[in-house]
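Here is the structure we will look at, set down as structure tokens.
Protein chains get the first letters and strands the later ones, always in sequence-line order, with residue 1 at the start of each.
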Amino acid sequence: MLEIQRLRSEKESVIEGLKKRHFDATEIVNSILSKDEQWRLEMAKLQEVSSKMNQISKQIGFLFKEGKAAEANEAKTQTSVLKTVEAELKEKVDDLQAEITELMYQLPNVPNELVKVGKSEQDNETVFEHGTEPDFGFKAIPHWEIADKFNLIDFELGVKITGAGFPVYIGKGAKLQRALIAFFLDEAEKNGYVEHQAPILVNEDSAMGTGQLPDKEGQMYYMPVDDFYLIPTGEVPLTNIYRNVILPNEDFSIKITGYTPCFRREAGSYGKDVRGLNRLHQFDKVEIVRVEHPDNSEKALNEMIDHVKGLLEKLGLQYRILRLCGGDTGFAAAMTYDFEVYSAAQDKWLEVSSVSRFDTFQSTRLKLRFKNADKKSQLCHTLNGSALALPRIVASLLENHQTENGVNIPECLHKYLNFTKI
RNA sequence: GGAGAAUUGGCAGAGUGGUCGAAUGCACUGGUCUUGAAAACCAGCGUACCGCAAGGUACCGGGGGUUCGAAUCCCUCAUUCUCCGCCA
């Protein structure tokens, strides 16, 4: 959520910035500001009335104490009108507040200055490329065929147990998952991220805090009996660790990581996009999350990018980095870099990581602040990224490291496995 | 799952309808004293919103209610502790 103060003071630049998303915010912003003005007006009235009520109540207290019951009762009669007025104003103020909040929820984050105007993924900029397409010397086969051939993953079995999109990993397939998780966590730790194991069911406040609610309600699995949501990403529990937190000074840089399963309903997905491991309802991911001073946010983002680069290079994968255009940047993000690995077998780029900075968009909702030099509370910046999501990495490894009679496992994983080839 | 007790400021802890945003202690910040430190003493010390300011409003686990007035009474939800039951 954007800060209302920002709308008040930088209305034009917010509207201008949101145009990069092809989002015309003029109407919403104007509506917010006019309601905001009204709200302040009514608020002032309400406070005045409340003040008067408080005064009278205090007086009544005094009068009773002094035994002047008659005068006290007389004063009481004065209050009934005020009370009605107060209730009316209160309702007006609350309604306005609710309307403003609802409108605020509709505004996406303002893109960073580096982000280009654009509508869809066609407009994303490639900012970095690494590696070359592997030369197999034979027709590369897609990961689902490899997985089937070596009995690494059983998609049908998952259908029996749960449904489509819940694969069962078997033998070397399961071990590979475990090795990747361990590798990612160890690498994150080397770069200063503190490992956490957090709940994968979260309450409504948490889902609100990171922005999954109210915008993306349909994306999450929901458990009505207990009013919990299954997390769509580790970002939710990890970032919410810092909900309602005021850090004591401006000398901080919080770096945390965690492995979690992730659950996404992915309603409406179909066809080759969901083939094999390309899109699942349940998958594993190691997430890195940072809470930073606003001045440090850019540096943090670059460090995260370098971190992910390192992982992909150690895994020996050819990849490119895209800076998403305005229209393709997620609702809450100010800037996002996607990492994609090329799959010759599928003849397509697979998104394997997404690293974003949110500036204060999440911390507004989270109420995540720090005390600045003037001892004032100021909103922190939050960032997060996948480092990495497992399924497409597994797909890429199987596809890009395939040989005529198997798959070579990259060296960085050897110490976690009792085999080096599949 | 059942029964009971509890939830107050960074921490500890008082307050059971009226001048309480909340005693007191500790911690913390500034000052006095001291060669320096400690001790002692003095002062300050929550969050948010409205306002140029003076000031005002809201907040005692969350939400709702009673009342002229609620930290205090009622309802409800959550959490913690104790006992019983069940259990990886």
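One distance of note links CE of M335(A) with CD of E113(A); it measures 8.5 Å at 0.5 Å rounding.
Considering only side-chain N and O atoms, R369(A) lies under 4.0 angstrom from the phosphate OP1 or OP2 of A48(B).
A donor and an acceptor atom, one from each side chain of T360(A) and E3(A), are located under 3.5 Å apart. The closest side-chain donor-acceptor pair between D186(A) and Y416(A) falls under 3.5 angstrom.
Distance check on atom P: A6(B) versus G55(B) gives 40 Å, rounded to whole Å. Rounded to whole Å, the C1' atom of U35(B) lies 37 Å from the corresponding atom of U24(B). Comparing G18(B) with G13(B), their P atoms sit 24 Å apart, to the nearest whole Å. C42(B) and A48(B) have their C1' atoms separated by 31 Å, given to the nearest Å. Taking the C1' atom of each, G46(B) and C60(B) are spaced 12 Å apart, rounded to whole Å. Atom name P, nucleotides A22(B) and G10(B): the rounded distance is 15 Å, in whole Å. For the C1' atoms, the distance linking G21(B) with C74(B) amounts to 24 Å, nearest Å. The gap from the C1' atom of G17(B) to that of C26(B) amounts to 31 Å, rounded to the nearest Å.
The partner of U35(B) cannot be assigned: no Watson-Crick or G-U wobble pair with both contacts below 3.5 Å exists in any strand. For A54(B), there is no paired base (Watson-Crick or G-U wobble, both distances below 3.5 Å). With a 3.5 Å ceiling on both atom-pair distances, G21(B) lacks any Watson-Crick or G-U wobble partner. Pair assignment for C73(B) gives G65(B), based on Watson-Crick or G-U wobble hydrogen-bonding distances that are each under 3.5 Å. Pair assignment for A5(B) gives U80(B), based on Watson-Crick or G-U wobble hydrogen-bonding distances that are each under 3.5 Å. Nucleotide A14(B): unpaired (no Watson-Crick or G-U wobble partner with both distances less than 3.5 Å). Nucleotide G46(B) is matched to C59(B) when pairs are restricted to Watson-Crick or G-U wobble geometry with both distances under 3.5 angstrom.
Judged by distance alone, with hydrogens and angles left aside, the side-chain atoms of K255(A) form a donor-acceptor pair with the main-chain N or O of N191(A) at under 3.5 Å. At distances below 3.5 Å, at least one donor-acceptor pair connects side-chain atoms of K20(A) with backbone N or O atoms of V115(A).
Centroid-to-centroid, the aromatic rings of H293(A) and F370(A) come within less than 6.0 Å.
For K371(A) and C45(B), the NZ to C1' distance is 11 Å, given to the nearest whole Å. The interatomic distance linking N249(A) (CG) with C28(B) (C1') rounds to 13 Å, in whole Å. Rounded to whole Å, the distance from CH2 on W39(A) to P on C49(B) is 9 Å. As rounded to whole Å, 16 Å separates atom C1' of G18(B) from atom NZ of K68(A). As a whole-Å value, the separation of E3(A) CD from C49(B) P is 10 Å.
F128(A) carries K309(A) over the face of its six-membered ring, with the cationic atom under 6.0 Å from the centre and within 45° of the normal. For the pair K175(A) and F419(A), the NZ or CZ position fails the cation-pi test of under 6.0 Å to the six-membered ring centre and within 45 degrees of the ring normal.
Shown are N203(A), L213(A), V236(A), L201(A); of these, the side-chain contact (heavy atoms from CB on, under 4.5 Å) with Y229(A) is made only by L213(A).
The closest side-chain heavy-atom distance from I100(A) to W39(A) is below 4.5 Å.
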One character per nucleotide, please: for nucleotides 51-78 of chain B, 5' to 3', B when the base has a protein heavy atom closer than 4.0 Å, S when only the sugar-phosphate does, - otherwise.
S----BBS---------BS---------

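Remark: nothing in residues 195-207 of chain A comes within less than 4.0 Å of RNA chain B through any heavy atom.
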